[in-house]
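Comments concern the structure below.
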Amino acid sequence: MKRVRFNHYSLPEHQVTSESLYLNRRQLITSASVLTAAAMLPNSGHAATQSRLKFIKDDSALAVTPEAKATTYNNFYEFGTGKDDPADNAQDFKTTPWSIKVSGHAENTGTFHLEDILKWNPLEERVYRLRCVEAWSMVIPWIGFPLAEMIKRFSPTSDAKYVAFQTLHDPKQMPGQRNRLMGGGINYPYVEGLTIEEAMNPLTLIAVGMYGKTIPPQNGAPVRLVLPWKYGFKSIKSIVSIRFTSEQPETTWNQLAPSEYGFYANVNPEVAHPRWSQASERIIGTGGIFGQKRRDTEIYNGYADQVAHMYTQLGKKQFY
Ligand SMILES: Nc1nc2c(c(=O)[nH]1)N[C@H]1C(S)=C(S)[C@@H](COP(=O)(O)O)O[C@H]1N2
Ligand SMILES: [Mo]
């Protein structure tokens with residue numbers, strides 16, 4: 001099993017999965033030996049406690065990715081850049097108590113406990129496609145509620161043109177934040193942002209669960225965004241701060257590589273990443289590393305009807 005860990009570094013250029021390319025070869029060797037050592041420790045498996053949730057079911061016909069794949073093939077650089085690092089390293093991540101600081105252009109700001117936020121709305125299931133900018137995809141049954149319902153409670157003012165989000169910054173718990181190499185060169189905390197219109201779109205989900213249970217640590221426990229029409233990096237994990245701003249906020253991947261990752265990052269098969277095509281995607285969970293099925297990538301990841309109206313003013317290039 002452990003052998004597949006580095007397969008994505010040795011795939012042909014057009015299949016190379018991406019964000020990790022910021023590590024150079026020497027760094028890879030260093031992290032490889034660190035990881036090999038880690039692999040020899042007894043595997044804690046998936047020990048984090050998840051509890052069952054009550055929610056309104058989604059009757060979508062999409063073929064859901066096996067849970068075991070969705071919870072072991074992750075991008076959560078705070079816990080390492082390898083796809084199975086988060087599942088290995090995040091198991092002791094402490095997610096209770098958890099609160100979110102709300103600030104900026106809104107009438108009702110302050111610190112809100114997640115358990116109180118959860119009383120505001122019934123939970124609903126949403127089976128959504130997830131398309132990573134690295135050209136792979138999954139279908140995940142999330143549980144949460146529309147971000148719009150949460151935002152209404154904070155009463156943003158007319159100056160709130162954007163919403164900025166931040167992931168927890170806790171180097172004690174997140175090894176990728178202690179070690180630049182392990183954290184993929186990102187300046188933490190991980191930050192993301194949306195226009196207020198995007199944040200209020202009915203598809204935008206604030207998720208606390210998946211596969212009928214609370215989110216496991218590696219998938220962004222206890223609370224994350226899910227934006228099914230955007231590349232996966234916009235769906236920020238383990239959120240501790242929401243800020244209403246008048247200016248477009250900085251976003252982690254755009255800061256790291258502005259020529260490769262934009263603010264909008266809407267899924268678009270016609271605009272290639274500078275280093276690979278976005279025309280199609282590998283479907284995770286369909287066969288082994290080499291037998292995976294592919295599908296043609298859809299504009300807005302198949303959600304054009306619900307979101308295209310927000311982007312009539314944007315040129316094609318700016319989508320990226
Ligand atoms: N804080 C934080 N959020 C993050 C990431 C990350 O590294 N750190 N990775 C992003 C990327 S690139 C993707 S594809 C999705 C992956 O979500 P999943 O692991 O639940 O499939 O999370 C996104 N959210
Ligand atoms: Mo991603």
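These numbers come from the heavy atoms of this one structure, side chains and all, not from hydrogens, waters or symmetry mates. Atoms within a ligand are numbered from 1 in the order they appear, just like the ligands themselves.
When non-hydrogen atoms are compared, ligand 1 lies under 4.0 Å from neither the backbone nor the side chain of K234. Under 4.0 Å from ligand 1, heavy atoms of N74 appear from its side chain as well as its backbone. Neither the backbone nor the side chain of I186 has a heavy atom within less than 4.0 Å of ligand 1. Residue contacts with ligand 1 for F233 involve both N, CA, C or O and side-chain atoms from C-beta outward (heavy atoms, distance under 4.0 Å).
Of the listed residues (R224, E78, Q218, K237), the one carrying the non-hydrogen atom nearest atom 19 (O) of ligand 1 is K237. Around atom 14 (S) of ligand 1, the closest heavy atom drawn from P86, S137, C132 belongs to C132.
Those atoms of ligand 1 with a heavy atom of Y77 less than 4.0 angstrom away are 6 (C), 7 (O). Listed by atom number, the atoms of ligand 1 under 4.0 Å from L130 heavy atoms are 21 (O). Those atoms of ligand 1 with a heavy atom of S235 less than 4.0 angstrom away are 22 (O), 23 (C), 24 (N). Against a heavy-atom cut-off of under 4.0 Å, T167 is close to the following atoms of ligand 1: 1 (N).
Partner of T167 under the side chain to side chain contact (heavy atoms under 4.5 Å, CB included) criterion, out of I239, I236, T252, V240: I236 alone.
Ring-plane geometry between F79 and F76 is classed as perpendicular, the angle between the planes exceeding 60 degrees on a 0 to 90 degree scale with a lower cut at 30. Using a 30° and 60° split on the angle between ring planes, F154 and F112 fall in the tilted class, from 30° to 60°.
A centroid separation of less than 6.0 Å is found between the aromatic rings of W253 and Y261. Annotation: Y73 is in aromatic contact with W136 [ring centroid separation under 6.0 Å].
For the side-chain hydrogen bond (donor to acceptor under 3.5 Å, both in side chains) test, no residue two or more places apart in sequence or in another chain qualifies with W142.
Under a 3.5 Å cut-off, the side chain of Q166 and the backbone N or O of V191 do not form any donor-acceptor pair.
Note on E134 versus K83: salt bridge recorded, some NZ/NE/NH1/NH2 to OD/OE distance being below 4.0 Å.
At least one N or O atom of N75, backbone or side chain, sits closer than 3.5 Å to an N or O atom of ligand 1. At least one N or O atom of N219 sits closer than 3.5 Å to an N or O atom of ligand 1.
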